[in-house]
Number of protein chains: 2
Amino acid sequence: MATGRTHRPATRSRGIPEATVARLPLYLRALTALSERSVPTVSSEELAAAAGVNSAKLRKDFSYLGSYGTRGVGYDVEYLVYQISRELGLTQDWPVVIVGIGNLGAALANYGGFASRGFRVAALIDADPALTGKPVAGIPVRHSDDLEQAVRDNGVSIGVIATPAGAAQQVCDRLVAAGVTSILNFAPTVLNVPDGVDVRKVDLSIELQILAFHEQRKAGEEAAADTALPAAAAAAVREQSADQVSADQGPDGDVPAVMPA
Amino acid sequence: MATGRTHRPATRSRGIPEATVARLPLYLRALTALSERSVPTVSSEELAAAAGVNSAKLRKDFSYLGSYGTRGVGYDVEYLVYQISRELGLTQDWPVVIVGIGNLGAALANYGGFASRGFRVAALIDADPALTGKPVAGIPVRHSDDLEQAVRDNGVSIGVIATPAGAAQQVCDRLVAAGVTSILNFAPTVLNVPDGVDVRKVDLSIELQILAFHEQRKAGEEAAADTALPAAAAAAVREQSADQVSADQGPDGDVPAVMPA
DNA sequence: ATGTCTTTGTGAACGCGTGCACAAAGATGG
DNA sequence: CCATCTTTGTGCACGCGTTCACAAAGACAT
C-alpha cells in the first residue's frame with residue numbers, strides 16, 4: 001500500500017510477489033504457535049488451515065522462497081520459521097520511532113507485539129511540551145524538536161505516525177529528511193513521499209466504512225430500488241442531503257486516526 | 001479481507017468491485033475536504049491527485065456508481081459526497097460495540113472518527129470486573145456477561161474485537177451468535193466465522209513485518225549472496241538460529257494486537 | 001448555430017494473483 | 001528392491017483489477 005505520488009510497480013523484490021510477502025507474517029505466526037507446542041513438521045494442508053488460506057496458495061508462496069519441504073512429509077517447522085524470519089528481515093534489530101503520543105500512540109508504545117520479532121521502540125515523539133519527559137511504556141517522551149536527533153542517533157529507518165491528520169505530512173517530511181525510508185501511517189491523510197520511501201496506511205475509519213457497505217448490502221436488497229432514482233428526484237434531494245451530510249460530519253479529517261488499508 | 005473458513009468469492013455486491021469499495025472512503029474524505037472549502041466542482045484529475053490514485057481508475061470507480069459527472073466540467077462535489085455516502089451506507093446510523101477495553105480499545109473508544117460518519121459507540125465490553133462501570137470516553141464499560149444483551153438491545157451489527165488473541169475467537173463466536181454480522185478484528189488471530197459474516201483484520205505486527213521486508217531489500221542487496229546459501233550451511237545454521245528466533249520471540253500471539261492487513 | 005476545447009465514460013489489452021490438477025519426489029512397508 | 005501411499009512443487013487457465021487511449025458529450029465563445 002505505497003501511497004506515494006509516483007506509481008511504484010508493485011515492488012516484486014527479487015521475484016517474491018507482494019501478495020506473498022503480505023502472507024508470510026501470517027504463516028510465521030502459525031508456525032511460531034506450532035513451534036511452541038514442539039510440533040516438528042506440518043503439511044501444507046494443516047498450516048494453510050491454521051493461517052486461513054488455500055493450501056495450494058501456501059505451497060506456491062513457499063516455492064518463491066525455495067524448496068523447503070519434503071514430499072510425503074511436509075515442512076520442518078523450526079527450519080521454516082527461520083527461513084521466513086530471515087526473508088522478512090526479522091533476524092535483525094529494527095529501531096522504530098513513534099510520533100504522536102495520544103491515545104493511539106500510547107497504545108502502540110505499549111503494544112507487546114512491538115518488542116518481539118526484532119522491533120524496538122527507540123523513541124517517542126510528541127509536539128506537546130506537557131508530555132515531554134513523561135514516560136510512556138517506560139520510555140520518556142521527547143519533544144518534536146528532537147525528532148531528527150532521535151532518528152539519526154538510533155539509526156531509525158521505520159517511523160510510525162500517530163498524529164492528527166493536519167500534522168502528518170509535515171512529520172512525514174521531517175522523518176524522511178532525517179533518513180526514515182518506511183512509514184506506517186495512522187493519520188487519515190494521503191502522504192506524499194519521494195521515491196524509495198514505503199508508506200503503509202492504517203485507517204480505522206476506512207475499515208468501518210467498508211464493513212458498513214457490506215452490512216448495508218446484507219441488510220437490504222429492497223433498498224436497491226431507490227438506487228436508480230430518477231434524475232429529477234436526485235437533483236431535488238441533492239442540496240438537502242448534501243447539507244445534511246456535511247453538517248453532522250464533525251472534524252473527521254483531524255482525528256488521530258487508527259487503521260490499515 | 002474476509003478471513004472466513006470458506007472461500008468467499010470477492011463479494012462483488014451489485015457489480016461494484018471490492019477494490020472500488022475500498023477506495024470510496026478515500027474519495028469521500030478528499031471530497032469532504034473540498035466541500036468544507038466550498039469548492040463546487042472537481043475534475044477527476046484533481047480529485048485523483050488528492051486521493052493519491054490514478055485519474056482513470058477514479059473515473060472507472062465512479063462509473064460503477066453511475067454517471068455523476070459532467071463532461072468538460074467535472075464532478076459536483078456536494079452531489080458526489082451524497083452519492084458515495086449513500087452507497088457506503090453512511091446515511092444511516094451504525095451502532096458499534098467494542099470488546100476489550102485495554103490500551104487499544106480505549107484508544108478506539110476515544111477515536112473521533114468513530115462518532116462522525118454515522119458510527120456510534122453503543123457499548124464497551126471488557127472481561128475485567130475492575131473496569132466494569134468505569135467510564136471510558138464517557139461510556140461506562142460493561143462486563144462480558146452483558147455482551148449479548150448489549151448487542152441485542154442496541155441492534156448492533158458491527159463489532160470491534162480488541163482483546164488478546166486468546167480470547168478473540170470466543171468473543172467472536174459470541175458476537176456472531178448475538179447477531180453481529182461484521183467484525184473488525186485487532187487481535188492477531190485468524191477468526192473462523194460462518195458464511196455471511198464479514199471479517200476485516202487489522203494487525204500492526206504484520207504491517208511492520210511487511211515494511212521490514214522492503215526495508216531489508218532496500219538496505220542490502222549484498223545480503224542476496226547468503227540467500228542462496230548451500231544446503232549444508234543452511235542445515236548447520238538451522239538449529240542455532242531457530243532457537244534464537246523462538247527465544248526472544250516473547251508473547252507475540254497474546255498481545256492485544258493493533259492493525260490491518 | 002457552429003466550432004473549439006475540456007473532461008468524462010469506457011472498450012480493450014495487459015499483468016498479477018488464485019486455484020486446479022497432476023506429475024515428480026520421497027517416505028514407508030513388505 | 002519394489003510397490004504403494006502421501007505430499008510437495010508447478011504448469012496452466014481463469015478472472016479481477018489496472019491502465020491506456022479515445023470517442024462521445026457537454027460547456028463556452030464567437
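Note: hydrogens, waters and symmetry copies are ignored here, and every other heavy atom, side chains too, is used. In the text below, chain A, chain B and the rest are named by the order of the sequence lines, each starting its count at 1. All values derive from a computational prediction rather than experimental measurement.
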Polar pair under 3.5 Å, donor/acceptor by atom type, side chain B:K60, base D:dT19: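 Side chain to base: pair found, below 3.5 Å.
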B:Q170 atom CD, over 12 foreign heavy atoms within 6.0 Å: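 Counting neighbours around CD of B:Q170, 12 or fewer heavy atoms of other residues, nucleotides or ligands fall under 6.0 Å, so no.
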B:I161 versus B:L191: any side-chain heavy-atom pair under 4.5 Å?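 Yes - at least one pair of side-chain heavy atoms lies under 4.5 Å apart.
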Below 4.5 Å, heavy atoms only, C-beta onward: do B:F119 and B:I158 meet side chain to side chain?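 Yes, at least one pair of side-chain atoms sits under 4.5 Å.
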Between the main-chain N or O of [Y] and the side-chain N or O of [X], is there a donor-acceptor pair closer than 3.5 Å?
X: B:S35; Y: B:L31; answer: no
X: A:N185; Y: A:T189; answer: yes
X: B:E45; Y: B:S55; answer: no

Below 3.5 Å between N/O atoms, which protein atoms pair up with nucleotides 26-30 of chain C? Just atom names and distances, please.
none

When you check the phosphate oxygens OP1 and OP2 of [N], does a side-chain N or O of [X] lie under 4.0 Å from one of them?
X: B:S44; N: C:dT7; result: no
X: B:N54; N: D:dG17; result: no
X: A:R23; N: C:dT18; result: yes

Could you give the [atom1]-to-[atom2] distance, from [X] to [N], as a whole number of Å?
X: B:Y68; N: C:dT8; atom1: OH; atom2: P; value: 16 Å
X: B:E45; N: D:dT19; atom1: CD; atom2: C1'; value: 13 Å
X: A:D61; N: C:dG17; atom1: CG; atom2: C1'; value: 10 Å
X: A:Y64; N: C:dT18; atom1: OH; atom2: C1'; value: 10 Å
X: B:I16; N: D:dC16; atom1: CD1; atom2: C1'; value: 16 Å

Which listed nucleotide (D:dT18, C:dT10, D:dG17) is nearest to the side chain of B:K57?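 The closest nucleotide is D:dT18.
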Using the side-chain heavy atoms of B:A19, tell me which of these nucleotides is nearest: D:dG9, D:dG17, C:dT18.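 My answer, after comparing the listed nucleotides, is D:dG17.
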Testing the basics here: between A:S157 and A:V180, what is the closest heavy-atom pair and its distance to 0.1 Å?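 Distance-wise, the nearest heavy atoms are O-CG1, 3.5 Å.
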Can you give the dot-bracket line for DNA chain D, using ( ) for pairs inside the strand, [ ] for pairs that cross earlier ones, | for pairs with another strand and . for unpaired bases, where Watson-Crick and G-U count if both distances are under 3.5 Å? ||||||||||||||||||||||||||||||
Indicate whether the side chain of A:Q209 and that of A:S205 have a donor and an acceptor atom separated by less than 3.5 Å.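 Judged by distance alone, the side chains do pair up.
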Across the strands shown, which category fits B:Y75 at heavy-atom distances under 4.0 angstrom: base, sugar-phosphate, nothing?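 Touches sugar-phosphate only.
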Would you check if the distance from the ring center of A:F62 to the ring center of A:Y68 is below 6.0 Å?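 Distance test on ring centres: not under 6.0 Å, no.
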